[in-house]
2 protein chains.
Amino acid sequence: MFNHHLDFSVYHARVRSYDQYCSIARGLDIIGDRWTLLIVRELLLQGPCRFTDLKNGLPGVATNMLSSRLKELEQTGLITRYDAPPPVATVLYELTRDGADLEPVLKQIGLWGLRRMTDDRADDAFQASWLAYAPAWFTADANPDGPPATIQLIAGGQEAVIALEGGSVRTWVGHVDHPDLVIDGSPRAVLGLVTGMIDLKAAKALGSTIRGKHQLLQRLHPIPATPEVE
Amino acid sequence: MFNHHLDFSVYHARVRSYDQYCSIARGLDIIGDRWTLLIVRELLLQGPCRFTDLKNGLPGVATNMLSSRLKELEQTGLITRYDAPPPVATVLYELTRDGADLEPVLKQIGLWGLRRMTDDRADDAFQASWLAYAPAWFTADANPDGPPATIQLIAGGQEAVIALEGGSVRTWVGHVDHPDLVIDGSPRAVLGLVTGMIDLKAAKALGSTIRGKHQLLQRLHPIPATPEVE
DNA sequence: CCGGATCCCCAGGGATACTG
DNA sequence: CAGTATCCCTGGGGATCCGG
């Protein structure tokens, strides 16, 4: 092998900057590129991921785009890349503290974006983890002292669970036995119902099936549309 | 993928979409393009603006870019465009409610971006309004019952005022007579000092001049780096 | 199969000139 | 002042290829 005295081991991306001494502009210098925040979303929702996990969680992304973004994210200190021990024995990507600190940013974008979810687009991809984060991030238990309860969500074949307990709204992907309430319908209907964008009547009109303790929906209280930072 | 409404009477941009039924992705479909959020920043900080006001507030933007973004923003309902009456007698751009609701998004991005403000870049643009929003958005009065006070900030020739009164931290661009405290220095030093990123000693080491009631700085309490949405 | 790298092509973005 | 028009370049999308 020839040694060209060139160091190819350190990736150096050309970073396009707004060149403004403003924390918003500097933030956008780092996270403003296409796909970047969605990669952070996946790592926040899924935890450490393999390349393929990210690819599957980001329908529509090109592999070269994902690859180059991961390098940039590593270079800017938002993720770390490490070799997982057996039995995984592959490369894992994980958020650093700086990267995980973007959660409030994603929450606010997602909260703002909720109002644009009112139409179904046939070719939109949909995943259970996206169904799960909405009630966890955008609702609170209106009756924190109420009894523990679970709600099974089924939307477009994707399943997620909402658990009300101790005043918190927790969610995860998957199935629960003996839920107190089952909501089955289109992504729009199920998401709309649990985030308070539509009511029970409208959800049923959209073809949803709701079985169990309907009044549990009253406990899912949407958080204000424009909360203060503090 | 692309929306191909062919309508010749109304401007219709081809909106690139992530095609994911996820409120974060849908939000980014609208606000994720380059310059979009910085235009919203200017309209939030300055109020209704003329084209030239925006151009001046967005150093580095190309006029065609600004023009096309304004059309997109109008089309997506984030701004309105209207003819101002005399004596202005020109077109003004103003945020709609939907557009103004992006303030929490900008706050979180700016709060996250603060940590990347630690280096001065010689060719970065700087404006007084960017100096002003930081203490207003990212600090609180640690002594809400304390006496009213004003702080004059001077950074890179740009002037802004901080007013502590009634528990609130208000700021504006410009000059105040008889401030209780005057901070004069580089953008990095002044911003770092008022947002709690650096201390008085470090600010002085960076060449800052601080005159007046130094203890007023104790009242500027940085808000937590990762506050909950609620 | 996993984890990318490479190539091609087009659209989005940037700089500047120009016009009502 | 308020944008258009033009040119050019780079970033991003899509498919394919390749070593482990």
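Protein chains get the first letters and strands the later ones, always in sequence-line order, with residue 1 at the start of each. The model shown is predicted, which means the values in this text are computed figures rather than measured ones.
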Side chains of B:Q20 and A:R41: donor-acceptor distance under 3.5 Å anywhere?
-> yes
Separation of atom CG in B:D83 from atom C1' in D:dC1, rounded to whole Å | 13 Å
B:T63 (side chain) and C:dA15 (base): donor-acceptor pair under 3.5 Å | no
Does a side-chain N or O from B:T90 land closer than 4.0 Å to OP1 or OP2 of D:dC1, or not?
-> no
Answer yes if the side chains of B:W130 and B:E42 hold a donor-acceptor pair under 3.5 Å, and no otherwise.
-> yes
Hey, does the side chain of A:Q127 reach the backbone of A:N56 with a donor-acceptor pair shorter than 3.5 angstrom?
-> yes
May I have the distance from B:M65 (atom CE) to D:dC7 (atom C1'), rounded to whole angstrom?
-> 14 Å
Looking at B:W35, does any N or O in its side chain come under 4.0 Å of the phosphate oxygens OP1/OP2 on C:dG14?
-> yes
At under 4.0 Å, does any side-chain N or O of B:R81 touch on OP1 or OP2 of D:dA2?
-> no
Can you tell me how far P of C:dC10 sits from CZ of A:R34, to the nearest Å?
-> 18 Å
Below 3.5 Å, does any donor atom in the side chain of A:N64 face an acceptor in the base of D:dG12, or the other way round?
-> no
So does A:E72 pair up with A:R69, basic N to acidic O under 4.0 Å?
-> yes
Any A:K71 side-chain N or O less than 4.0 Å from OP1/OP2 of C:dG3 | no
Taking CG from A:L66 and C1' from C:dG4, how many angstroms apart are they, rounded to a whole number?
-> 9 Å
Select base, sugar-phosphate, or nothing to describe what B:T52 touches, counting heavy atoms under 4.0 Å on all strands.
-> sugar-phosphate
Compute both the distance and the angle, then confirm whether A:R34 meets the cation-pi test with B:Y18: under 6.0 Å from the six-membered ring centre, within 45 degrees of the axis.
-> yes
Closest-nucleotide ordering on DNA chain C, the 5'-leading residue of A:Y18 and A:L70 = A:L70
Spacing between A:I79 atom CD1 and C:dG3 atom C1', to the nearest angstrom = 14 Å
So, is B:S67 close to the D:dT4 phosphate, meaning a side-chain N or O under 4.0 Å from OP1 or OP2?
-> yes
Atom CG of A:L58 to atom P of C:dG4: distance rounded to whole Å?
-> 15 Å
Nearest whole angstrom, please: distance from the P of C:dA5 to the NZ of A:K55.
-> 14 Å
Separation of B:D53 atom CG from D:dG3 atom P, in whole Å?
-> 11 Å
May I ask you to verify if any side-chain N or O of A:R50 is less than 4.0 angstrom from the OP1 or OP2 atom of C:dC1?
-> no
Would you say a side-chain N or O of A:R69 is under 4.0 Å from OP1 or OP2 of D:dG12?
-> yes
